[in-house]
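First the structure, in the form of structure tokens, and then the observations on it.
Residue numbers begin at 1 in each chain, while the letters A, B, ... track the order of the sequences.
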Amino acid sequence: MAAMSMVQALNNAMDLALEKSPRTLIMGEDVGFFGGVFRCTEGLQQKYGAHRVIDTPIAEGGIVGVAIGMGVNGLRPIVEIQFADYFYPAMDQIVSELARLRYRSGGEFWAPLTIRMPCGGGIYGGQTHSQSPEALFAHVCGLKTVIPSTPYDAKGLLLASIDDDNPLIFLEPKRIYNGVFDGDRDKAATGWDQHPAGEVPENYYTLPIGKANIVRQGNDTTLITYGTMVHVAAAAVEKAGLDVEIIDIRTIVPLDIDTLTGSVQKTGRCVILHEATRTSGFGAEISAQIQEQCFWHLQAPIERVTGWDTPYPHLFEWDYFPGQSRVIQALQRVLEAG
Amino acid sequence: MAAMSMVQALNNAMDLALEKSPRTLIMGEDVGFFGGVFRCTEGLQQKYGAHRVIDTPIAEGGIVGVAIGMGVNGLRPIVEIQFADYFYPAMDQIVSELARLRYRSGGEFWAPLTIRMPCGGGIYGGQTHSQSPEALFAHVCGLKTVIPSTPYDAKGLLLASIDDDNPLIFLEPKRIYNGVFDGDRDKAATGWDQHPAGEVPENYYTLPIGKANIVRQGNDTTLITYGTMVHVAAAAVEKAGLDVEIIDIRTIVPLDIDTLTGSVQKTGRCVILHEATRTSGFGAEISAQIQEQCFWHLQAPIERVTGWDTPYPHLFEWDYFPGQSRVIQALQRVLEAG
Amino acid sequence: MHHNRPETRIHIPQSPTRPGDKPDFSHIKIPPVEAGRRPAIDTPAHEMDDLAFGLVRVLDDQHQACGEWKPHIAAQKLRDGLRYMLQVRLFDDHMFRLQRQGSLTFYLKCAGEEAVAVAAAQALRSGDMLFPTYRQQGLLVARGLPMVDMMCECLSNTHDMNKGRQLPVLYSWAEGGFFTISGNLGTQVPQAVGWAMAAAYKNNDDIAATWIGDGSTAEGDFHYALTFASVYKAPVIINVVNNQWAISTFQAVAGGENSTFASRGHGFGIPGLRVDGNDFLAVYAATQWAAERARAQAGPTVIELYTYRAEGHSTSDDPSKYRPSHDYDAWPLGDPVERLKQHLIGLGEWSEAQHESLIEKIRSDVSAAYAEAEQYGTLDKGPRLSLSTMFEDVYKDMPDHLQKQLKQAQEG
Amino acid sequence: MHHNRPETRIHIPQSPTRPGDKPDFSHIKIPPVEAGRRPAIDTPAHEMDDLAFGLVRVLDDQHQACGEWKPHIAAQKLRDGLRYMLQVRLFDDHMFRLQRQGSLTFYLKCAGEEAVAVAAAQALRSGDMLFPTYRQQGLLVARGLPMVDMMCECLSNTHDMNKGRQLPVLYSWAEGGFFTISGNLGTQVPQAVGWAMAAAYKNNDDIAATWIGDGSTAEGDFHYALTFASVYKAPVIINVVNNQWAISTFQAVAGGENSTFASRGHGFGIPGLRVDGNDFLAVYAATQWAAERARAQAGPTVIELYTYRAEGHSTSDDPSKYRPSHDYDAWPLGDPVERLKQHLIGLGEWSEAQHESLIEKIRSDVSAAYAEAEQYGTLDKGPRLSLSTMFEDVYKDMPDHLQKQLKQAQEG
Ligand SMILES: Cc1ncc(C[n+]2csc(CCOP(=O)(O)OP(=O)(O)O)c2C)c(N)n1
Ligand SMILES: Cc1ncc(C[n+]2csc(CCOP(=O)(O)OP(=O)(O)O)c2C)c(N)n1
Ligand SMILES: [Mg+2]
Ligand SMILES: [Mg+2]
């Protein structure tokens with residue numbers, strides 16, 4: 001075991017993956033010699049060679065298209081999109097190709113890509129360095145979409161993703177790359193070495209894709225979230241002193257709905273929390289499914305606490321970010337309802 | 001008044017728009033000399049000139065990017081994407097540019113594009129000529145998204161869209177371009193001349209964007225839908241002899257939620273019907289909002305009847321298509337619940 | 001002139017002829033066969049720029065092979081090529097008629113473009129991977145996929161390689177090194193580059209070849225492919241099939257007015273060959289040259305196959321709405337089948353009689369194949385794939401939510 | 001060598017030098033000024049292909065203007081140019097320092113590339129529309145945007161033209177004909193083509209000019225722009241600023257190894273000029289030539305501005321991790337400010353003393369501007385835009401759901 005930040009855990013996972021199989025390679029903008037703008041691939045080109053950690057042209061659609069061809073030819077590319085905000089030029093290759101290959105070819109062709117991308121705000125990145133596009137991927141059948149909330153999860157989920165023969169979107173909440181962030185921007189950042197899940201085994205391990213994680217047991221309300229917001233949720237619940245069950249879904253698709261409904265059937269109340277814009281965000285799907293399956297258990301309307309339906313503004317970053325107070329208010333409303 | 005198919009109504013709307021302002025132009029693949037693969041722009045190049053109905057290269061991202069520049073320079077381009085399945089290469093220009101221009105520039109720049117695209121299945125078009133991507137647009141703030149279900153609506157909504165200074169996605173359910181289709185593929189197709197909304201005024205008129213249409217009054221359940229499914233809904237309700245209120249939302253964003261909640265508060269029950277794949281489809285958003293606002297009125301879980309979470313298969317088109325029987329079953333389940 | 005038509009200075013390209021006009025191809029300059037030079041494969045790219053503006057030709061007007069590009073090719077291989085092309089053409093005719101009779105939902109021919117695929121397939125090795133678009137059925141035929149398998153795809157029946165999921169003609173054949181055809185234009189080109197990079201990564205000398213239409217070169221994917229192929233010197237051949245039309249739009253709308261498609265790679269240092277696409281031997285020779293370059297790690301090549309779409313875009317199209325009828329008869333580069341036939345006859349390796357009997361033979365093979373294919377089902381008759389195939393292969397293993405949906409679908 | 005490193009034949013381009021190496025630009029060939037030919041603007045594109053492989057230069061090693069490209073330009077205009085460039089540089093220095101002190105969230109300099117923007121702005125007409133990327137602040141300065149306005153954008157304060165919504169340096173200035181800068185690379189290029197097409201559509205002779213980095217040319221948008229510009233002969237200038245780097249990757253990774261960026265348009269029949277980007281007069285002359293072509297309806301031009309990113313990519317970058325330090329000192333094309341200054345001194349139109357006092361003057365202007373800007377607020381101090389601006393301009397009019405959300409946000 002070693003104390004690792006999420007960046008280090010991801011780096012360690014990729015190191016082990018490159019070590020394990022010469023068929024695995026990394027490609028993306030600035031990932032090679034430099035080691036990535038967030039340093040996730042630092043040192044890997046030096047260790048494994050320029051052909052295994054490949055600096056690519058700035059062409060997200062090209063990177064994914066080319067990686068698909070590599071995947072079809074037996075390689076297992078790990079693709080880094082420098083920011084999730086820049087995946088759009090690759091949308092066609094992801095949706096029309098990557099996600100559909102196996103289906104449309106009757107199972108003959110497929111490409112086991114893992115596409116990593118830093119997502120989320122809270123770093124004063126403005127509207128083009130802060131987006132959370134998970135709902136767009138969720139609507140594309142054929143893709144799995146994963147989002148970790150701790151270094152321990154990040155490593156285990158990334159290794160599982162690389163191993164998975166399905167194409168995978170791996171979202172990395174950049175606000176917690178280098179330390180835990182609980183939504184209180186006035187508090188000094190705490191390093192991952194202060195957090196239990198910052199203890200990461202150095203050996204190879206995987207965590208199951210499609211399994212949610214009950215982060216905190218509770219009885220009065222279920223709070224469903226993922227990514228950075230897991231820590232905001234925990235801090236809010238702590239602060240408000242409420243008996244809330246917090247679930248980190250960890251995988252967007254396939255969603256571990258049974259764990260969610262199990263909890264809501266117990267608590268009878270539910271709040272969903274994410275950073276992405278509200279309308280048609282993934283919270284809508286979670287809400288719809290829980291409503292469908294737990295209708296007779298629900299004692300209050302399911303609430304969504306989300307980013308607003310605006311781009312992520314530079315100046316009003318902290319008014320946009322769904323922080324602790326909005327979470328607490330929602331929990332209280334839900335608890336008092338009915 | 002004249003009997004018009006939806007194709008004719010759209011053609012007529014564009015004719016009037018080109019007539020009204022020399023700043024309006026049409027561009028897209030095969031829209032010019034040929035008049036479009038679905039004939040929506042037939043005769044318009046001959047009437048208005050090759051520079052006002054422009055055949056473009058096959059490059060959806062280029063078409064939208066170029067049209068944005070034109071819009072910024074005072075023109076009002078109507079863009080045709082040949083099939084909704086082919087908008088993905090234009091995703092970045094639509095999401096990162098078109099939808100954000102006004103916001104990011106503090107209101108200085110904007111481009112009043114109307115992007116038309118035929119959507120939906122039921123024509124044996126296979127997975128790349130059948131998609132319904134409205135949920136993807138719904139999650140992009142800054143865009144309005146419209147989808148008509150009749151020739152009358154198509155003309156009025158298209159003219160309103162062209163007039164609107166916001167960027168607009170205009171989805172055209174191709175299965176009902178040339179006649180009403182109620183989901184019964186064994187029945188002979190009926191022309192729009194048999195349908196009251198196939199009567200279309202020849203003069204210029206607009207319908208409000210953001211206003212739903214109560215297609216059928218009813219008391220026991222609210223059935224919310226749009227596009228081709230409006231007709232499937234009507235036929236299903238007719239067949240089952242149920243007292244159902246059918247609402248055609250007509251605009252995806254901004255959603256006329258008040259009309260929807262008004263109805264559900266009356267009926268206490270709700271079914272949502274769309275052709276798009278289920279997970280993170282727009283039905284999820286409608287369900288979430290209704291649940292949030294009508295929780296205390298709901299007497300049964302809201303149900304979604306949707307396409308499956310698979311690509312649209314060629315062979316199993318009619319098993320994929322959410323037809324009358326699935327609608328009736330859902331209505332009955334919802335009516336019997338509780 | 002309509003009163004709303006303002007004075008304008010925007011340039012809008014136009015097709016030189018339209019319905020009602022006499023076909024006119026006088027703008028096309030055809031250099032003599034002898035004018036074509038065949039440089040060594042390791043020639044620096046920019047020293048070959050002229051090749052993108054010439055026309056690689058082998059067969060002269062008397063159907064004799066000559067000039068620097070004349071390939072070494074046995075008569076038997078040529079006869080095979082002729083047979084494959086004929087098979088493609090007769091297969092297309094048959095399937096097109098079946099669509100018109102309502103037996104197929106859709107069909108798409110490659111009439112006039114048979115050499116583009118067949119000759120290329122014959123010039124490549126079996127380990128080379130093909131990334132086609134939808135008008136290269138000749139690759140399948142030349143690589144030996146039984147016609148019945150092609151028909152089963154078009155029928156979405158129980159023997160369909162795609163399990164009923166794709167439109168007719170969007171074939172896939174892993175064993176034959178033929179990548180699943182996409183309905184989305186252009187996507188295969190960077191994929192081919194990636195496949196080729198992977199071959200180089202693995203240190204083997206297989207190469208990739210890909211085909212894209214003139215119209216589709218406008219997609220960003222074409223640019224990605226050129227960029228990555230250039231940067232990583234990928235062993236790939238990028239074939240642009242310039243059949244002059246993209247559905248209703250003339251190639252000038254795709255940017256064919258100011259330069260050739262063969263020259264599209266020049267800005268990346270990728271050499272381009274402009275080739276008479278209806279000259280079987282020229283396509284063969286050009287492919288061989290580019291394949292040698294790729295295998296020798298000398299880099300990628302763009303090949304423009306200059307040809308003509310003899311018929312409509314597909315069964316959904318009506319070309320009489322946008323171009324003169326019978327224009328193919330006036331196409332100055334002739335017909336690939338006819339030209340190869342005459343060449344073989346000139347060599348004394350073929351005869352009219354053999355040709356007639358070959359046609360007979362293929363016709364009956366096509367009919368027999370279709371009779372067999374029908375037994376495996378059609379869209380609405382006979383055996384049918386299980387409903388579960390709708391939910392399979394979305395993922396490698398079916399996740400819970402799809403299992404639930406399958407159950408619901410089965411319950412009706 | 002790691003044991004998992006297989007034998008491979010894939011070509012991976014490399015930067016010629018890395019940290020610890022001595023800067024080495026010996027691979028760069030600089031032709032003499034006299035070698036540059038300036039063809040008539042109506043010369044057929046393919047007869048000018050050589051220009052994409054040469055280097056348009058005006059200032060010789062003694063800083064004298066000579067050769068065919070030497071523009072007619074008044075001394076006062078040159079002095080203005082020098083002043084603008086100096087202002088950009090000192091502004092950048094100041095803002096960079098402020099970011100390091102924590103006053104700004106982000107900043108990005110254009111050190112070494114000032115001529116690219118300033119000279120171009122001076123060669124264009126005020127009605128011409130500019131579609132820049134993030135390293136052309138010189139356009140704003142040359143067109144007269146007060147520094148305080150630029151600072152207000154960087155501070156997201158109450159006078160910010162973007163109403164607090166964008167990162168620092170992503171300016172927008174409608175009145176000045178400066179299009180809102182995108183955070184997404186490459187998108188502005190087809191937009192510029194569309195703007196130019198609209199000008200032609202409206203039958204006026206304004207043109208558009210756009211800038212894109214060497215790295216960003218790999219995006220599909222660049223291809224779209226070339227395609228549409230070629231097909232519709234759009235009156236546009238597409239400037240590729242080849243500053244040799246894209247964050248940490250050398251221009252070979254963007255495809256600079258096998259051809260020049262200036263030649264990227266050749267495959268579309270778009271002529272390309274490769275220009276010494278640090279030679280103010282060369283940039284001016286090339287822009288003027290391309291603008292004349294565009295205005296005369298002779299078509300688009302690609303201009304590659306050959307220059308060097310003198311410093312890091314931005315405040316988020318650390319170039320010492322991937323390239324030799326002090327490499328800019330070895331850059332063979334010198335510094336644009338210094339070269340224009342020497343030229344003017346040589347003409348007897350400028351002096352060291354004037355230069356020093358100009359620097360003093362600008363420094364104090366910058367400080368004064370910042371003092372003023374701060375009064376309009378900073379990210380966390382002083383006056384602040386109303387919260388409602390977060391919800392405005394998403395749409396032209398605020399729809400109901402955003403009004404509700406605004407209310408919720410206001411309630412906290
Ligand atoms: C991304 C995308 N855009 C549009 C289409 C619709 N479409 C299908 S074929 C075609 C024309 C293609 O022309 P070309 O590339 O020249 O190939 P050809 O049909 O001539 O062989 C178009 C526009 C599509 N399939 N995919
Ligand atoms: C679509 C997109 N992909 C990636 C990025 C991240 N990014 C910002 S600047 C940059 C490098 C651009 O290099 P270049 O085009 O050469 O311009 P320069 O910075 O040298 O002026 C990258 C990769 C982005 N902003 N947008
Ligand atoms: Mg074509
Ligand atoms: Mg650069």
Which atoms of D/Glu392 are under 4.5 Å from chain B, going by heavy atoms: the side chain, the backbone, both sets, or neither?
backbone

In short, B/Glu108 meets D/Ser172 closest at the heavy-atom pair OE1-OG, 2.8 Å

Could you tell me whether D/Glu411 atom CD has more than 12 heavy atoms of other residues or ligands within 6.0 Å of it?
yes

Tell me, for D/Ser182 versus chain B, whether the close heavy atoms (under 4.5 Å) come from the side chain, the backbone, both or neither.
both

Counting only non-hydrogen atoms closer than 4.5 Å, does B/Val253 touch chain D with its backbone (N, CA, C, O), its side chain (CB onward), both, or neither?
side chain

Hey, could you give me the OG1/OH distance between B/Thr56 and D/Tyr232, rounded to the nearest 0.5 Å?
5.0 Å

With respect to chain B, which residue among D/Glu175, D/His223, D/Gln188, D/Lys163 yields the maximal number of heavy-atom pairs within a distance under 4.5 Å?
D/Lys163

Chain B heavy atoms under 4.5 Å from D/Tyr395: which part of the residue, side chain, backbone, both or neither?
both

By a 4.5 Å heavy-atom criterion (distance strictly below it), what part of B/Asp164 contacts chain D: side chain, backbone, both, or neither?
neither

Out of curiosity, D/Thr187 OG1 to B/Gln93 CD, how far, rounded to the nearest 0.5 Å?
5.5 Å

Could you check if a side-chain atom of D/Asp400 sits within less than 4.5 angstrom of a side-chain atom of B/Pro254, using non-hydrogen atoms only?
no

Do D/Thr180 and B/Trp110 come within less than 4.5 Å of each other through their side chains, counting heavy atoms only?
no

Non-hydrogen atoms of D/Gly194 and B/Met70 that approach each other most closely:
O-CG, 3.3 Å

Side chain from CB out, backbone as N, CA, C, O: work out which of these in D/Phe222 comes under 4.5 Å of a heavy atom of chain B, or both, or neither.
neither

Under 4.5 Å to a heavy atom of chain D? For B/Leu143 that would be backbone

Under 3.5 Å: donor-acceptor pair, side chain of D/Arg165, backbone of B/Tyr103
yes

Between atom CG of B/Asp92 and atom CG of D/Leu185, what is the distance when rounded to the nearest 0.5 Å?
9.5 Å

Select, from D/Leu402, D/Asp206, D/Asp221, D/Val193, the one with the greatest count of heavy-atom pairs under 4.5 Å involving chain B.
D/Asp221

When every non-hydrogen atom of B/Ala59 is compared with those of D/Phe228, the smallest separation belongs to CB-CE1, 4.1 Å

Identify which of B/Ile257, B/Leu255, B/Ile63 forms the greatest number of heavy-atom pairs closer than 4.5 Å to chain D.
B/Ile63

Should we say atom NZ of D/Lys404 is surrounded by more than 12 heavy atoms from elsewhere, each under 6.0 Å from it?
yes

Side chain, backbone, both or neither of D/Val231 within contact of chain B (heavy atoms, under 4.5 Å):
side chain

Between atom CZ of B/Arg100 and atom CD of D/Gln166, what is the distance when rounded to the nearest 0.5 Å?
11.0 Å

Is any side-chain heavy atom of D/Lys202 closer than 4.5 Å to one of B/Leu75?
yes

Between B/Asp165 and D/Lys396 (salt bridge meaning N to carboxylate O under 4.0 Å), is one present in this structure?
yes

Shortest non-hydrogen separation from B/Thr24 to D/Tyr201 and the atoms involved:
O-OH, 3.7 Å

Portion of D/Ile181 that has a non-hydrogen atom of chain B nearer than 4.5 angstrom
backbone

Rounded at 0.5 Å granularity, tell me how far CZ in B/Arg104 sits from CG in D/Asn162.
9.0 Å

Minimum-distance pair of heavy atoms, taken over all atoms of B/Pro89 and D/Tyr224
O-OH, 4.0 Å

Between B/Asn73 and D/Ala199, the two heavy atoms sitting closest are ND2-N, 3.4 Å

What distance separates B/Cys141 SG from D/Phe391 CZ, expressed to the nearest 0.5 Å?
10.5 Å

Answer with side chain, backbone, both or neither: which region of B/Asp256 has an atom nearer than 4.5 Å to a non-hydrogen atom of chain D?
neither

